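Bear in mind that the values here come from a model prediction, so they are computed numbers and not experimental data. Side-chain atoms are counted along with the backbone in the values below, which use heavy atoms only and exclude waters and symmetry mates.
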Amino acid sequence: NVIYILRDPRSVMVSYYKYLLGLGQFRGEIGDLIRDKNYGIKTWTNHLESWLDGIVPGTCFKIFKYEDFKLNPEHSVRNLAQLIGVNLSDEEFKRVLFKSNFENMKKLEEDTGSFALKKHDPDFKFIRKGEIAEWKNILNNVDLHYIKGKADYLMSRFGYTD
């Protein structure tokens, strides 16, 4: 089985930008990152296409959308468990939902966070916001047009059309 967690590429660009800034590995504006040959939107499309085109016949390949886990975690976790052949009791199901919810993951990072990630910025958070469509408040129309130009065919295929 191959399980691919897909996220809206506009959100990926925002999240990745904040991540790289926090690590001190990128300097510049978000528009620079979106267009960067090593980090930008074309890298996202290449990665997704490599999985879509490279799956060996007979492989069970399932895409789960990040946004579905945020909007309906119960349904998404049940589908994932079913796919991998795990029968969860009600208690186990509740425990999985609790351990994987965003607030718990933030707390886990606070309790056990990687010190290596905090070398550049002691306030760095890997588990940052986890919002859906944060890009609407951050990306400008020029950057959105650029992303659409490079990734529209994949975005449309997976329902990222707003």
Side-chain angles (χ1 to χ4, degrees), residues 1-26 30 33-34 39-41 43-56 58-139 144 147 151 154-162:
N1 290 331
V2 174
I3 297 165
Y4 191 104
I5 308 287
L6 180 66
R7 188 175 186 189
D8 185 319
R10 298 162 293 191
S11 294
V12 170
M13 290 292 100
V14 170
S15 183
Y16 198 38
Y17 176 70
K18 300 284 187 176
Y19 173 76
L20 291 172
L21 282 181
L23 293 180
Q25 294 183 357
F26 189 83
I30 193 163
L33 178 107
I34 290 167
Y39 300 118
I41 190 63
T43 302
W44 180 89
T45 61
N46 290 344
H47 185 267
L48 180 54
E49 287 174 334
S50 74
W51 278 101
L52 295 173
D53 296 341
I55 293 299
V56 176
T59 300
C60 178
F61 179 74
K62 175 71 174 159
I63 292 179
F64 286 86
K65 290 171 65 176
Y66 171 86
E67 295 81 6
D68 293 338
F69 277 99
K70 288 288 290 184
L71 295 171
N72 193 345
E74 296 84 1
H75 179 74
S76 297
V77 168
R78 288 263 187 231
N79 283 343
L80 179 57
Q82 182 181 7
L83 176 68
I84 62 175
V86 173
N87 295 316
L88 296 172
S89 68
D90 288 342
E91 182 179 313
E92 290 168 324
F93 180 70
K94 288 176 187 173
R95 191 169 65 242
V96 168
L97 288 176
F98 172 75
K99 288 191 173 239
S100 63
N101 79 38
F102 192 77
E103 292 74 28
N104 192 58
M105 290 175 63
K106 279 186 80 82
K107 182 175 178 347
L108 185 63
E109 180 183 20
E110 288 171 17
D111 294 346
T112 64
S114 170
F115 295 109
L117 293 177
K118 295 182 181 284
K119 278 193 236 176
H120 177 73
D121 179 357
D123 296 324
F124 176 79
K125 303 279 189 243
F126 181 77
I127 309 292
R128 198 175 54 81
K129 288 187 178 181
E131 292 179 357
I132 295 174
E134 179 187 16
W135 57 267
K136 290 180 179 180
N137 300 321
I138 294 176
L139 299 177
L144 289 170
I147 291 170
L154 290 170
M155 292 169 63
S156 295
R157 180 174 174 180
F158 294 103
Y160 296 117
T161 56
D162 59 337

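Closest heavy-atom contact between A151 and I41: CB-CG1, 4.0 Å. Scanning both residues, L88 and A81, for their nearest heavy atoms gives CD1-CB, 4.0 Å. Taking both residues in full, the closest heavy atoms of S11 and A133 are given as OG-N, 3.7 Å, listed atom of the first, atom of the second, then distance. Residue E92 comes nearest to N87 through the heavy atom pair OE1-O, 3.8 Å, listed as atom of the first residue, atom of the second, then distance. The nearest pair of heavy atoms linking I55 to T59 is CG2-CB, 3.6 Å. A pairwise comparison of heavy atoms in D162 and R10 identifies O-NH1, 2.5 Å as the closest pair.
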Report task. In sequence, state the C-alpha distance, the side-chain angles, and the governing distance for K18 and I30, and then conclude on side chain to side chain contact (heavy atoms under 4.5 Å, CB included). Result -> CA-CA 9 Å; K18 300 284 187 176; I30 193 163; over 6 Å; no
Report task. Dump the intermediate steps for side chain to side chain contact (heavy atoms under 4.5 Å, CB included) on F69 and L80, then the final yes or no. Result -> CA-CA 10 Å; F69 277 99; L80 179 57; 4.2 Å; yes
Report task. Any chance you could lay out the side chain to side chain contact (heavy atoms under 4.5 Å, CB included) test for Y17 and I34, step after step, and finish with the verdict? Result -> CA-CA 9 Å; Y17 176 70; I34 290 167; over 6 Å; no
Report task. With side chain to side chain contact (heavy atoms under 4.5 Å, CB included) as the test, would you mind laying out the steps for L6 and Y66 before giving the verdict? Result -> CA-CA 6 Å; L6 180 66; Y66 171 86; over 6 Å; no
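No close placement of the F64 and Y4 rings is indicated, their centers lying 6.0 Å or farther apart.
To the nearest 0.5 Å, the span separating CD1 on I3 from CG on N79 amounts to 11.0 Å. Separating the OG atom in S89 from the NZ atom in K94 is a distance of 9.5 Å, to the nearest 0.5 Å. Rounded to the nearest 0.5 Å, atoms CG (N46) and CH2 (W51) are 15.0 Å apart.
In terms of modelled atom types and a separation under 3.5 Å, the side chain of S76 and the main chain of D68 share a donor-acceptor contact. Within the 3.5 Å criterion, the main-chain N or O of S50 finds no donor-acceptor partner in the side chain of D53. The closest donor-acceptor contact from the side chain of E67 to the backbone of R7 lies at 3.5 Å or more, if one exists at all.
The cationic atom of R78 (NZ for Lys, CZ for Arg) lies less than 6.0 Å from the six-membered ring centre of F93 and within 45° of the ring axis. Figure legend: K65 and Y160 shown as a cation-pi pair, the cationic atom lying under 6.0 angstrom from the six-membered ring centre and within 45 degrees of its axis.
The 12-atom threshold is exceeded at CD of E74, counting heavy atoms of other residues, nucleotides or ligands nearer than 6.0 Å.
Side-chain contact between L52 and I63 is present, with heavy atoms from C-beta onward closer than 4.5 Å. Proximity of F98 to V96: side-chain heavy atoms (C-beta onward) are nowhere separated by under 4.5 Å. No side-chain heavy atom of N137 sits under 4.5 Å from any side-chain heavy atom of V14. Residues Y39 and L20 meet the side-chain proximity criterion, which asks for heavy atoms closer than 4.5 Å.
For the residue pair Y19/Q25, the side-chain donor-acceptor check at 3.5 Å is not satisfied.
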